[in-house]
Structures are given as structure tokens and as C-alpha cells.
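Lettering follows sequence order; numbering is per chain, from 1. Fair warning: this is a prediction, and the values are worked out from it, not measured in the lab. Any value given below was found using the heavy atoms of this structure, including those in side chains, with hydrogens, waters and symmetry copies removed.
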Protein chains: 2
Amino acid sequence: MSSDQIKTRTRILVSTQKLLETNPTKAVRMFDIAKDAGLSRQALYLHFPTRSELLIATTRYLDEILNVDQRLVPSRVAEKGTDRLRLYIEAWGNYIPEIYSVGRALMAVQDTDDAAKAAWEGRMQAVREGCLAVVKQLKADGDLVPELSTKQATDVLWGLVSVRMWEHYIQSCKWSQKRYIEVTHQMARQVLLGHA
Amino acid sequence: MSSDQIKTRTRILVSTQKLLETNPTKAVRMFDIAKDAGLSRQALYLHFPTRSELLIATTRYLDEILNVDQRLVPSRVAEKGTDRLRLYIEAWGNYIPEIYSVGRALMAVQDTDDAAKAAWEGRMQAVREGCLAVVKQLKADGDLVPELSTKQATDVLWGLVSVRMWEHYIQSCKWSQKRYIEVTHQMARQVLLGHA
DNA sequence: CGTGTCAATTGACACTGTGTAAAGTTAGGA
DNA sequence: TCCTAACTTTACACAGTGTCAATTGACACG
């Protein structure tokens, strides 16, 4: 009974992710998701109160099955700040493409839905925490360029690793994921450490 | 007759800009614009075929009355590449806040409207041209860091001065416009020239 | 003075997509 | 056998965009 409910719910989440992934251009409607998950549009509302909540749940689900936390462990345990910086950019930067489709949909509804806005901002705030930790360690190591305050440095790094920047390099500039990581790392070093 | 038509059209454009500016949070509907411009919602369609076209026309109108081209002249006539870089960042970076409200609305409909997408991308492509010109001059001066190709350097500068980055620093990080310009300039120097 | 034209109005309607509501179906478990 | 949970079908409310037809009011021209 309960395990069956979980199955349907999961099926919906999987369908949502899949459709967002495969239709980067067209809008994915509740109807499309329902069809793909094999139930009626109305039945979706038995599991998720609104489209926004469904999108939010899908990002959470992705975070879970893709193991964000675990991916960030290597950077967190690095001893040197510079290593931590590199590992953080690699981990998060390589995670972005996996959540981008859903993230994009979530960003799109932020203007019309407060819950979606809060969810996405919370998500991004967590990224900022990661940046802050990196910056603090760089500072402790005496590697942080003196002109930048901790807040400024964090905000700068946060911007460099933002989803929008990834979007810019990958979509608008057609860079490879590999180059994106390299250049972002290079830029972060140059700006935060004052040299390559 | 004709001048009267132009007046109404302009009134609509002004209302559109004004409403987008004053309601950064809420969606501005055709009804709202019509009310503000003092005519019926349907009458808007006598001047603009769709909401997207209205938004596009509004950005063009803004470009015109705010004199983008003229603002970019100083950077274009600079003799040294480094001066050109600074002047470009100042001119464009200080222009962004003036078009942001409309640009934001235009970005928001890109998923659903191809014309809007093309218009905005064209707009951004023009910015890229500006970046390219800056990079070429830096390279001609021998000031460009050797690791970056012209394309790479252009894409990087393009990203640094993108509307999304401005949004990030001004909205998410609550930076002042002044600091935004300073830090962006600093970052551009560091990344493109290899030093501050 | 009448006529034509043009901007705009009013009222009605089609369409899309989200979300709600009610009544009925089906399968499994006590 | 009865109950319950999950789901279905049908129907509808609502918002917002875009279309259409008939009408009005002003103004210019001969």
C-alpha cells in the first residue's frame, strides 16, 4: 500500500525529470507528465499540490539520487584551501549539468510562484555556503588576495560557479564541459589568489 | 494624424517601461499597460501584434532614448586596449540597470516566444561584438594573456559583463552599482591581462 | 454639408493551461 | 462482504492572450 504509493510518486518524479531533460525547448505541462507516468492529469494533484511543488520535489529527488552531498565530500576534507577550491569547482561544476533541466524549469516559475523562488534561492544559498567555506580556508592559508574581503571573495566565487554562468559558457558559447571547468578554475585562482 | 498615432504608440511604450520598472516582482499584463496608457486592452493590439512584440519594441525604444550607441563611443575611440576595456565595462555596466526591467521581462518570455528569444539573443550578440573588439585591441597591444584564444577571451569577458552577472551581484549580493563596476573591471583585468 | 477614413471602443468569444470538485471504478486486505 | 486507497472520468472555474465584428467620434476634404 504505502510502498505502492511511493512507487507512483517516484514514477512521476522520474517522468518529470525525463521530460524536462528531453524537451529543453518546449514547456512541459502537467498533462505531459501525467501521460508519461501513466496516469491522469488530475491524479498528479493527489501527489503534488501544484506544478511548482512538483518541480521542487523533483530537484530534491535528483539531489538525493545523484548524491550531491557525497560528491562534495572530497572538497570538504581537502587540507589546502587551493585544493579545496579546485575540488569544489570540479564537484559542483560537474553537478550543474545533471540538474540543469529541472533547475531551469524551477527558475522559470520563480516570477509567479513564491515557493519555487524560496526553494531555488535556498538551494543557491547552500552553494554560497560552500563558496564561503572555500574562501575562509584560502584566507586561513594566507592565500587570499588582500584586496578582497571574505564577503566580496565569496560573492565573486559564487558568481563564477553560478548556474547562469554555466549556462552562458555551455549554451551561448558552446564550450565543452571540460573547458568550462578548466577556465572557471583558472579564473577563480586568478581572481582570488592574484595569480594562476 | 500620423503624429497622433505615434504619440499613442509612444505612450504605450512609456507605460510598458514604467510598469515593468515599478513592478519588478509582479507580472505586468496587457490589461495593466492599456489602463496605464489610457486605452482599452484590445486597442494595444492595433499597435503591437503580441505581448512579446510589445516588449521587444520597448527595448528598442529604450535603446533609442537612452542612446546606447553614443554611450559606447568613448570606449570605441580609446587608443589603448586597457582603456577601451575600462570604458566599455563602465559604459555597458552602467547601462544594464537602465534596461534591466524590460530585459528581464524579455528574458522571461524567451521560452515561449521565438521572436523574443531572437531579439534578446541579437541584443546580447551585439554586446559580444563589443567584447570582441576590446579583446582584439588588447591582443594587438600585446596585453592579452597568452593562454587565452581570442574566442575564449571574448567569451569570458562576455560572461563577466552579462546581465545575469549584474543581476547576481546587484540583486543576490546586494552590491552597489559602483562596486559592481569596480570588481568587474578588476576581474576582467586579472583574467585577461594576468594581473591587476 | 455630406462622405470617407482612422483611431479607438465595446462586447463577445476561442484557446491554453492550471487547479478544483464530485461521482464512479477497481483491487486488496480485514 | 465490506472498507479503503488509488485512480478515473467528466465537468467546471479562472486567468491571460489574442481575435473579431459592430459601433462611435473626430477630423479632413471636396
Check this one for me: any side-chain N or O of A:Thr8 less than 4.0 Å away from OP1 or OP2 of D:dA6?
no

Do the side-chain N or O atoms of B:His47 get closer than 4.0 angstrom to the phosphate oxygens (OP1, OP2) of C:dA7? no

Mind calculating the distance between [atom1] ([X]) and [atom2] ([N]) to the nearest angstrom?
X	N	atom1	atom2	answer
B:Leu44	D:dT19	CG	P	12 Å
A:Lys7	D:dC7	NZ	C1'	15 Å
A:Glu53	C:dT18	CD	P	15 Å
B:Arg51	D:dT19	CZ	C1'	18 Å
B:Arg9	C:dA8	CZ	P	12 Å
A:Arg11	D:dA6	CZ	P	13 Å

Spell out, as yes or no, whether a donor-acceptor pair under 3.5 Å connects the side chain of [X] to the backbone of [Y].
X	Y	value
A:Arg76	A:Ala133	no
B:Arg11	B:Ala37	yes
A:Gln177	A:Gly93	yes

DNA chain C contacts among residues 102-120 of chain A, heavy-atom distance under 4.0 Å
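By residue number: none to list.
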
Looking only at D:dT17, C:dT18, C:dA8, the nucleotide nearest the B:Leu46 side chain is C:dA8

If we ignore angles and hydrogens, is there a donor and acceptor under 3.5 Å between the side chains of [X] and [Y]?
X	Y	value
A:Tyr95	A:Asp63	yes
B:Tyr88	B:Gln137	no
B:Gln186	B:Glu182	no

May I ask you to check whether B:Trp175 and B:Tyr169 place their ring centres under 6.0 Å from each other? yes

Assert: residue with more 5' nearest nucleotide on DNA chain C, out of B:Ser40 and A:Arg41, is B:Ser40

**Q.** Check: C:dG11 base within 3.5 Å donor-acceptor of B:Gln42 side chain
**A.** yes

* Asked: Between B:Asp32 and B:Lys35, is there a side-chain N and carboxylate O pair less than 4.0 Å apart?
  -> no

Angle between ring planes, A:Tyr180 versus A:Trp166, binned at 30° and 60°: parallel, tilted or perpendicular?
perpendicular

Checklist line | DNA chain D contacts among residues 16-35 of chain B, heavy-atom distance under 4.0 Å | finding: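 Per residue number, the list reads B:Arg29, B:Met30.
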
